[in-house]
Visitor: 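Before we start, here is the structure in question, set down as structure tokens.
Every chain is numbered from 1, with letters handed out A, B, ... down the list of sequences.
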Protein chains: 2
Amino acid sequence: MRPPVNGAVRRRPSLSQLRAFAAVAEHLHFRDAATAIGMSQPALSGAVSALEETLGVTLVERTTRKVLLSPAGERLAVRARAVLAEVAALMEEAEAVRAPFTGALRLGVIPTVAPYLLPTVLNLVHERYPDLDLQVHEEQTANLLDGLTTGRLDLLLLAVPLGVPGVTELPLFDEDFVLVTPLGHGLGGQQGIPREALRALNLLLLDEGHCLRDQALDICREAGRDDVPVTTTAAGLSTLVQLVAGGLGVTLLPRTAVTVETSRNPQLLTGRFAHPAPSRRVALAMRTGAARGAEYEELAAALREALRPLPVRVL
Amino acid sequence: MRPPVNGAVRRRPSLSQLRAFAAVAEHLHFRDAATAIGMSQPALSGAVSALEETLGVTLVERTTRKVLLSPAGERLAVRARAVLAEVAALMEEAEAVRAPFTGALRLGVIPTVAPYLLPTVLNLVHERYPDLDLQVHEEQTANLLDGLTTGRLDLLLLAVPLGVPGVTELPLFDEDFVLVTPLGHGLGGQQGIPREALRALNLLLLDEGHCLRDQALDICREAGRDDVPVTTTAAGLSTLVQLVAGGLGVTLLPRTAVTVETSRNPQLLTGRFAHPAPSRRVALAMRTGAARGAEYEELAAALREALRPLPVRVL
DNA sequence: AGTCACTGATAACTACATTCGATCAACCCG
DNA sequence: CGGGTTGATCGAATGTAGTTATCAGTGACT
């Protein structure tokens with residue numbers, strides 16, 4: 001029993017071969033690929049040839065003027081990238097074990113959370129993880145998720161559930177929505193407001209793309225209001241409460257935003273909904289299987305502790 | 001700017017180092033691990049040490065009498081296995097490209113499909129892919145899925161939807177269920193039977209674990225029947241129709257099973273439901289990203305063609 | 001207490017894979 | 001019909017990774 005008719009000895013490809021092939025697949029140019037991964041062109045050329053030999057498949061069609069991948073090469077390039085990504089994850093996790101809570105952490109935060117929670121987050125990080133270089137990016141949910149999956153961001157702080165496969169959520173807390181009204185309004189400052197009251201109100205909303213806008217619309221729908229009351233919109237919660245103060249309508253504010261946004265404005269009153277009040281859940285989100293996942297979970301636990309003083313239901 | 005305080009030069013781990021580490025992690029014994037992967041004990045010992053050096057992390061706690069993984073080792077062993085799995089997938093896909101439709105294909109089939117479709121499947125494979133060594137395993141859905149995810153099986157032929165993440169379904173066809181009754185029964189041989197008729201019937205079912213049993217119960221529930229009519233059960237469809245012929249009740253049979261199971265028994269009549277009749281979807285299922293996935297898709301397409309003569313709605 | 005068997009680590013050596021600089025042959029372009 | 005690119009090839013230096021033989025520590029058994 002010999003290996004089939006094929007005379008070549010089937011062996012295991014090496015990582016440098018895969019790296020060479022992946023570089024060629026990316027650049028479609030041997031010299032560029034070689035410099036990109038810091039090796040000489042002959043070495044890379046040989047590595048790709050050796051890989052083709054070990055796999056028994058032609059990966060790259062090369063004329064001296066043009067390089068393109070064979071169909072098999074296209075398929076196997078995907079696999080090669082997957083292998084290299086796993087290796088990178090392993091090395092990153094080793095680095096994380098060796099020196100946890102050091103280096104850069106690119107955190108994405110949604111605009112309706114950032115101003116109110118960042119003080120707590122930054123304090124916690126600076127005191128407890130002084131070697132962690134926290135880089136904050138404020139964007140809307142869709143952009144954040146894109147950044148997370150493409151590797152531009154490491155961790156998100158936003159409203160869940162997202163329902164995105166490959167993204168793991170680490171819930172932090174639930175917070176109620178509060179009804180913000182101008183002084184003269186009938187519901188001003190009440191407790192136990194029924195949701196149905198939303199049906200008769202002129203609700204002011206944030207611009208398109210803010211998840212808080214969609215949540216507010218959902219709450220209206222649940223309260224039995226089917227029309228979409230799009231009259232005025234605002235780019236930020238601060239603007240929104242100014243509009244309320246000006247008498248243009250009412251709005252919903254997450255509990256963590258209330259103090260900051262309403263305390264300095266005597267024109268505003270806040271009303272509480274009847275139990276169970278409409279609420280949103282805020283969480284951290286990471287790529288499932290992220291190399292530093294264990295650290296993110298520890299960070300989430302520390303955050304939950306640090307958030308206890310806030311008027312929210314910590315999870 | 002030198003590399004940090006740590007004097008060690010950070011390099012890239014090699015695949016053989018990862019293989020060595022994975023083997024140690026599995027056996028927790030250097031000599032056993034060495035023989036398992038076919039290398040000498042010193043070589044393996046050195047490989048693990050080298051890996052620890054390159055990663056800068058202690059992976060294995062070794063006393064001369066006992067070996068166990070450090071916490072970091074536990075985490076990184078998972079990554080190492082992931083890398084090796086990706087490499088294995090790459091090599092397998094290369095093999096598949098080099099020689100498609102050759103070698104073993106371990107196909108799992110559910111019992112309520114196997115007897116009726118295997119003739120078609122086997123014919124197709126033998127004629128069109130003569131080098132494919134088809135190995136059929138008849139088991140229930142849960143076992144099949146376990147076998148698929150653990151790697152014991154390559155491809156499944158069963159009823160979908162499964163709703164299992166990591167498993168990709170390749171739909172083949174929809175087939176109606178048919179009502180099988182004994183000769184004297186009132187509904188015998190009718191067309192356009194309303195589903196609600198099921199409410200008043202003594203329906204015979206397969207044993208626990210057969211997906212067909214659950215499908216039949218679902219159909220009853222949709223027809224407005226909430227009680228579970230568990231009186232008699234049978235291990236196979238052949239037994240089931242014998243029970244029907246004996247007058248113990250009626251049953252549902254998938255369309256592909258009708259000819260085989262009822263033609264030789266004059267005691268039985270088959271009735272059709274009104275449109276839209278209750279039905280099930282039969283599909284192939286493979287691991288998402290399976291190395292031979294492209295071949296399975298081609299096989300699915302060929303199967304759809306081969307199934308056209310059958311009284312089903314090919315997809 | 002002493003010895004034995006078995007553990008993983010070490011040493012010395014060898015083989016070969018990888019890499020490099022230099023060079024070659026094919027090809028496009030003007 | 002050269003000039004400048006392209007990827008392939010060559011021969012030598014290097015370093016990695018493997019081998020066998022041996023060592024040193026540990027627990028078990030007498």
Side-chain angles (χ1 to χ4, degrees), chain A residues 8-70 73 77 80 83-84 87 91, chain B residues 8-70 73 77 80 83-84 87 91:
Chain A
V9 193
R10 282 287 112 71
R11 295 207 343 291
R12 192 174 298 271
S14 80
L15 279 182
S16 46
Q17 286 169 357
L18 294 180
R19 226 160 76 92
F21 171 49
V24 170
E26 185 186 350
H27 293 89
L28 293 179
H29 191 289
F30 276 66
R31 282 199 144 79
D32 291 356
T35 56
I37 62 175
M39 74 194 299
S40 68
Q41 175 265 318
L44 176 129
S45 202
V48 173
S49 301
L51 182 62
E52 289 179 319
E53 176 71 17
T54 60
L55 296 182
V57 174
T58 299
L59 301 171
V60 184
E61 315 274 4
R62 27 316 208 175
T63 61
T64 51
R65 294 312 278 186
K66 203 170 287 181
V67 171
L68 73 165
L69 295 184
S70 70
V83 172
L84 296 172
V87 172
M91 295 200 304
Chain B
V9 192
R10 282 286 112 71
R11 291 203 352 286
R12 193 173 298 271
S14 79
L15 280 182
S16 46
Q17 286 168 0
L18 294 180
R19 225 162 76 92
F21 171 50
V24 170
E26 185 186 350
H27 293 89
L28 294 179
H29 190 290
F30 275 65
R31 281 198 144 78
D32 291 356
T35 56
I37 62 175
M39 73 195 296
S40 67
Q41 174 265 319
L44 176 131
S45 202
V48 173
S49 301
L51 183 62
E52 290 179 318
E53 175 72 17
T54 61
L55 296 181
V57 173
T58 299
L59 300 171
V60 183
E61 315 274 4
R62 43 286 223 186
T63 60
T64 50
R65 294 310 276 186
K66 202 169 290 185
V67 170
L68 73 165
L69 294 185
S70 71
V83 171
L84 297 172
V87 172
M91 296 201 308

Visitor: With side chain to side chain contact (heavy atoms under 4.5 Å, CB included) as the test, would you mind laying out the steps for A/Leu15 and A/Val83 before giving the verdict?
Guide: CA-CA 8 Å; A/Leu15 279 182; A/Val83 172; 3.9 Å; yes

Visitor: Do A/Arg12 and B/Arg19 touch side chain to side chain, with heavy atoms closer than 4.5 Å?
Guide: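 Yes. Closest side-chain heavy atoms under 4.5 Å.
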
Visitor: Could you give the CD-to-P distance, from A/Glu53 to D/dA8, as a whole number of Å?
Guide: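 Checked: the CD to P distance equals 14 Å.
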
Visitor: Report the residues that fulfil salt bridge (Lys or Arg N to Asp or Glu O under 4.0 Å) with B/Arg62, sequence neighbours left out, ordered by chain and then residue number.
Guide: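 Applying salt bridge (Lys or Arg N to Asp or Glu O under 4.0 Å) to B/Arg62 gives B/Glu52.
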
Visitor: Quick one, A/Val60 and A/Leu68 - any side-chain contact, counting heavy atoms below 4.5 Å?
Guide: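 No; the side chains remain at least 4.5 Å from each other.
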
Visitor: Within the structure provided, determine whether B/Thr54 and B/Gln17 are in side-chain contact (heavy-atom separation under 4.5 Å).
Guide: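 A side-chain contact under 4.5 Å exists here.
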
Visitor: From B/Ser16 OG over to B/Ile37 CD1, what is the distance, rounded to the nearest 0.5 angstrom?
Guide: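 CD1 of B/Ile37 is found 8.5 Å from OG of B/Ser16.
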
Visitor: Report yes if the side chains of A/Phe21 and A/Leu84 come closer than 4.5 Å at any heavy-atom pair, otherwise no.
Guide: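 Not touching, per the 4.5 Å side-chain cut-off.
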
Visitor: Go through residues 20-29 of chain A and report each residue with a non-hydrogen atom lying under 4.0 Å from DNA chain C, sorted by number.
Guide: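 Close to the strand, none.
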
Visitor: Rounded to whole angstrom units, what separation is found between the CD atom of B/Glu52 and the C1' atom of C/dG8?
Guide: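 Atom-to-atom, B/Glu52 to C/dG8, this comes out as 12 Å.
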
Visitor: Look up atom OG1 in A/Thr35 and atom NE2 in A/His27, then write down how far apart they are to the nearest 0.5 Å.
Guide: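 So the OG1 of A/Thr35 and the NE2 of A/His27 are separated by 7.0 Å.
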
Visitor: Find the distance B/Asp32:CG to C/dG8:C1' and express it as a whole number of Å.
Guide: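 B/Asp32 atom CG is separated from C/dG8 atom C1' by 12 Å.
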
Visitor: Nearest-Å distance, CD (A/Glu61) to C1' (D/dT6)?
Guide: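 Between C1' of D/dT6 and CD of A/Glu61: 16 Å.
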
Visitor: Taking NZ from B/Lys66 and P from D/dG27, how many angstroms apart are they, rounded to a whole number?
Guide: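 About 9 Å, once rounded to whole Å.
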
Visitor: Using OP1 and OP2 only, check whether a side-chain N or O of B/Ser45 sits under 4.0 Å from C/dG8.
Guide: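 No.
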
Visitor: Would you say D/dA8 has OP1 or OP2 under 4.0 Å from some side-chain N or O of A/Arg62?
Guide: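 Affirmative; the distance criterion is met.
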
Visitor: Could you run through nucleotides 12-25 of chain D and give me one letter per nucleotide, 5' to 3': B if any protein heavy atom sits under 4.0 Å from the base, S if only the sugar-phosphate is that close, - if neither?
Guide: -----SSBBB---B

